[in-house]
Amino acid sequence: MPDVRDIRQHLESLLASAVSAAIAAGDLPDVAIPGTALERPKDIANGDYASTLPLRLARSAMKPPLEIAKAIARHFPADPVVEPPAVAPPGFINFRLSQGFVQSQVEHIVRFGPAYADLALGSGKKAQVEFVSANPTGPLHVGNGRGAAIGSAMAAVLAAAGYEVEREYYVNDAGTQTDTFGETLYARYQQQFGRDVPIPAEGYPGEYMAELAREIKAQAGDRFLRPPGEAGPADLTGLGIELMVRSIRQTLVRFGVEYDRWFSEKSLYDPEGPYEEAMGILRANGQLVEREGALWFTSSELGEEKDNVVVRSDGRPTYYASDIAYHYDKFVRRGFSLVIDVWGADHHGHVSRLKTATAAVGGNAEGLQILLYQLVFLKRSGEAVKLSKRAGELVTLDELIDDVGSDAAKFFFLLRSPGAQMDFDLDLAKTQSSENPVFYVQYAHARLASMLERAAEQGITPEGGDVGLLVQPQELGLIREMMRLTEVIEVAATTFEAQHLPHYAMELATAFHSFNDAFKQQGDSSLKVLTEDVAMTKARLRLVLAAKVALARVLGLMGMTAPERM
RNA sequence: GCGCCCGUAGCGCAGUGGAUAGCGCGUUUGGUUGCGGACCAAAAGGUCGGAGGUUCGAGUCCUCCCGGGCGUACCA
């Protein structure tokens, strides 16, 4: 029997042979086939799969679609995986998977265990997901949490789809905002020693900067103090950044997000580093010109709206220059074939020109996927809270984790498509915490675990359970739902949309609860998992085991825990 | 002004050009004293922002308009 992962292909080839047979028999005119048009009906009553081929063929075949459907169905070969197809108006061919095939998937899932639904789509190609990458000039806020949830889930999905995935955090430890951070820190530091110095106008007024200064004073005393009026030392800035990065990392670990690499922006400027090489390429291609004292990349010649400055008139490279070097490094030096950048939507003006520049330095712009997530609008007591580090008013990711927990926060972030603006009502998140859908999903996993445990106490295990005994609609429905995981991963990995995961997780949990409560609905205790009938019990435990595997897998992809008990 | 994103049930959101537009919360009704009640089943609730167009078929694609957001820096 074919693998679930190949089921589409299998059906398509059966369909193709049915069409040729119909043509050979003269039931269909010899027309070009516009693909098999296989899709998933919304309503399970219409089968597991359906083809709209007859509708598409009607015009060129000069026949009513329903007749075409009947002709194809008539010539459809017998197959152990699928029942003889049904035809429905106005011209659908509906396929239902055979009961035997559906049942066999329980064994398939149990056999693969934690690797269930792994795909070979990526065929071992190197993929990188870079996410969060917030400036280390302040603590992570709630919006960064959305990026963290999306990025880590995308990384997990791509790994499941067969890519070799690297997770990276780009540390902006160079540039203007770093300098501003340093100036603010030095001001706060001086304040610790009683000097009446103001925070720079464009600086970071948040209280955390004062705390950071206090911490540094506690550690290093007045080592960084300079005579009044002088600028602060560079190594104070370096230390401040280092401490901020450390605290950001701690927050992300609390959030359950880990990285393979923390990439320093500063390192781009090492001798013979990516910056030198990338700019060398642009220069060699005659794409750098000096104008008004600055160095410009002539991006308008490559279709951009305008040229962009790469080196300011004061000699410092722009953020754009850093990013060109960085993406040169990703594609050319490190050889990633797929690069995903997860950015806040406020960066979207940067997308097009970065793609253009990436191509200009020899990178594969096609392999560059930039996922923009709309900013999170926080509400507190119904009132909007503007997220801005510079305004100094922010709700940190740490606070969010304290309030609703990492699992729930991730689930909510993933639930919305990145392009949708979301309101996160903090008060509501708190009061709703016991009714969150995340608990519904995790609770299902805990119940599955507990059933296996309870059975084991009675000396009954899933081993040797005969899946052929699973014939109840709720049982088969649950298996069908588990089978969908492969499809969900495929869609998520090819469209780069993580929101399919939480939606699927809820549907899988619903299928389980429905199966689990079937005996209540029907008032028939023989539908319980643990019954007098040992063979039946073992078969259902086998299903329970598989459901636990599938649910744990999707929870894992979302970066959530799969609790054994709650 | 120009560019991009969003507009779907009271609220929050899904919806690879296909069949009766779904899910969660909330509301109403019923079940279940449980192999874990953080459960199940059912109902009510929609001019898919508006108007044209393409198509056998449009929430989905195209054009215009309205509303919200974000860009449009020698910030990141």
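The sequence lines fix the lettering, A, B, ..., with proteins before strands; numbering per chain opens at 1.
- The aromatic rings of A:Tyr319 and A:His350 sit tilted, their planes meeting at an angle between 30° and 60°.
- Atom NZ in A:Lys548 sits about 15 Å away from atom P in B:G36, given to the nearest Å.
- Regarding contacts with the backbone of B:C40, a side-chain N or O of A:Tyr440 is found under 4.0 angstrom from either OP1 or OP2.
- No N or O donor and acceptor, one from the side chain of A:His350 and one from the base of B:G71, sit under 3.5 Å apart.
- Ion pairing between A:Asp314 and A:Arg312 fails under the 4.0 Å rule for side-chain N and carboxylate O.
- Residue-level contact check: A:Val529 touches the bases, meaning some heavy atom is under 4.0 Å from a base atom.
- Computed from coordinates, the A:Lys528 NZ to B:U33 C1' distance equals 12 Å when rounded to whole Å.
- Using bins of under 30°, 30° to 60° and over 60° for the plane-to-plane angle, the ring pair A:Tyr326/A:Tyr170 lands in the parallel bin.
- Nucleic acid contact class of A:Glu292 (heavy atoms, under 4.0 Å, all strands): base.
- Nearest to the side-chain atoms of A:Asn172 among the listed nucleotides B:G3, B:G34, B:A76 stands B:A76.
- Listed nucleotides B:G34, B:C35, B:U16 differ in distance to A:Lys520; the shortest reach to its side chain belongs to B:G34.
- A:His348 comes within 4.0 angstrom of a nucleotide base, judged by non-hydrogen atoms across all strands.
- If you take CG on A:Leu452 and CD1 on A:Ile460, they are separated by 11.5 Å, rounding to the nearest 0.5 Å.
- A:Ala294 comes within 4.0 angstrom of a base, heavy atoms only.
- If you take atom C1' in B:G45 and the same atom in B:U27, they sit 9 Å apart, rounded to whole Å.
- Taking atom CE on A:Met506 and atom C1' on B:G15, their separation rounds to 13 Å, with Å as the unit.
- Between the side chain of A:Asn94 and the base of B:A19, a donor-acceptor pair under 3.5 Å is found.
- Relative to the side chain of A:Thr52, the nucleotides B:G18, B:G24, B:C74 differ in distance, and B:G18 lies closest.
- At a threshold of 4.0 angstrom between heavy atoms, the contacts of A:Ala88 include nucleobase atoms, whether or not backbone atoms are also involved.
- Distance check on atom C1': B:G24 versus B:G15 gives 15 Å, rounded to whole Å.
- Looking at heavy-atom distances under 4.0 Å, A:Glu532 makes no contact with the nucleic acid at all.
- When the P atom is used for both B:C35 and B:G30, the distance is 24 Å, rounded to whole Å.
- The side chain of A:Arg353 lies closest to B:A76, out of B:A76, B:A38, B:A41.
- Each of A:Tyr319 and A:Lys42 was assigned the nucleotide of RNA chain B with the nearest heavy atom; the assignment lying further toward the 5' end belongs to A:Lys42.
- Around atom CD of A:Gln9, no more than 12 heavy atoms belonging to other residues, nucleotides or ligands sit under 6.0 Å away.
- In the set B:G24, B:C40, B:C75, B:G24 carries the atom at the smallest distance from any side-chain atom of A:Pro437.
- Counting any heavy atom pair closer than 4.0 Å across all strands shown, A:Tyr320 reaches no nucleic acid atom.
- Taking 4.0 Å as the cut-off between side-chain N and carboxylate O, A:Glu304 and A:Lys355 do not count as a salt-bridged pair.
- Checking B:C35, B:G18, B:C39 against every side-chain atom of A:Asn516, the shortest atom distance belongs to B:C35.
- Looking only at side-chain heavy atoms (C-beta outward), A:Ser299 and A:Arg353 stay at 4.5 Å or farther from each other.
- OP1 or OP2 of B:A76 lies within a sub-4.0 Å distance of a side-chain N or O belonging to A:Thr176.
- Across all strands, A:Arg40 comes closer than 4.0 Å to base atoms (heavy-atom distances).
- A:Pro90 comes within 4.0 angstrom of no nucleic acid atom, judged by non-hydrogen atoms across all strands.
- One atom, CD of A:Glu490, and another, P of B:U16, lie 15 Å apart when rounded to the nearest Å.
- When the P atom of B:C11 is taken as reference, atom CG of A:Leu415 falls 18 Å away, rounded to whole Å.
- Using a 4.0 Å heavy-atom criterion, one finds that A:Ala518 contacts no nucleic acid atom at all.
- Using P as the reference atom, B:U16 and B:G59 are 13 Å apart when rounded to the nearest Å.
- The CD atom of A:Glu475 sits 17 Å away from the P atom of B:C35 (whole-angstrom rounding).
- Base contact: A:Ala446 has a heavy atom under 4.0 Å from a base atom.
- Scanning atom types as modelled, one donor and one acceptor separated by under 3.5 angstrom connect the side chain of A:His347 and the base of B:A76.
- Summarising the geometry of A:His445 relative to A:Ala562, their closest heavy-atom pair is CE1-O, 3.3 Å, with the distance given to 0.1 Å.
- In this structure, A:Asp43 places its CG atom 14 Å from C1' of B:G18, rounding to the nearest Å.
- When the P atom is compared between B:C74 and B:G52, the two are found 44 Å apart, to the nearest whole Å.
- When distances are taken from the side chain of A:Trp296 to each of B:C74, B:G36, B:A76, the shortest belongs to B:C74.
- Using a 5.5 Å limit on the distance between ring centres and a 30° limit on the angle between planes, the aromatic ring of A:Phe92 counts as stacked on the six-membered base ring of B:A19.
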| task | Could you check A:Val441 against A:Met560 for side chain to side chain contact (heavy atoms under 4.5 Å, CB included), going step by step and ending with a plain yes or no? | result | CA-CA 10 Å; A:Val441 174; A:Met560 295 167 60; 5.7 Å; no
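- In this structure, of B:A14, B:C35, B:A19, it is B:C35 that holds the atom nearest to the side chain of A:Arg454.
- Candidate nucleotides B:G69, B:C39, B:G36 were compared by shortest atom distance to the side chain of A:Gln374, and B:G69 ranks first.
- Rounding to whole angstrom units, CG of residue A:Leu452 and C1' of B:G36 are separated by 14 Å.
- A distance of about 39 Å separates the P atoms of B:U63 and B:C25, rounded to the whole Å.
- Between B:G15 and A:Gln499, a contact under 4.0 Å exists linking OP1 or OP2 to a side-chain N or O.
- The same atom, C1', is picked in B:G22 and in B:C62; the two are 26 Å apart, to the nearest Å.
- Remark: the A:Thr318 side chain and the B:C74 base include no donor-acceptor N/O pair separated by less than 3.5 Å.
- Mapped onto RNA chain B by nearest heavy atom, A:Pro41 and A:His503 fall at different nucleotides, with A:His503 at the one closer to the 5' end.
- Separation of the C1' atoms belonging to B:U33 and B:C48 is 44 Å when rounded to the nearest angstrom.
- A donor-acceptor contact under 3.5 Å is formed by the side chain of A:Arg56 with the base of B:G18.
- Comparing B:A19, B:G36, B:C74 against the side chain of A:Ser450 picks out B:G36 as the nearest.
- Separation of atoms CD (A:Gln287) and OG1 (A:Thr298) is listed at 5.0 Å; rounding is to 0.5 Å.
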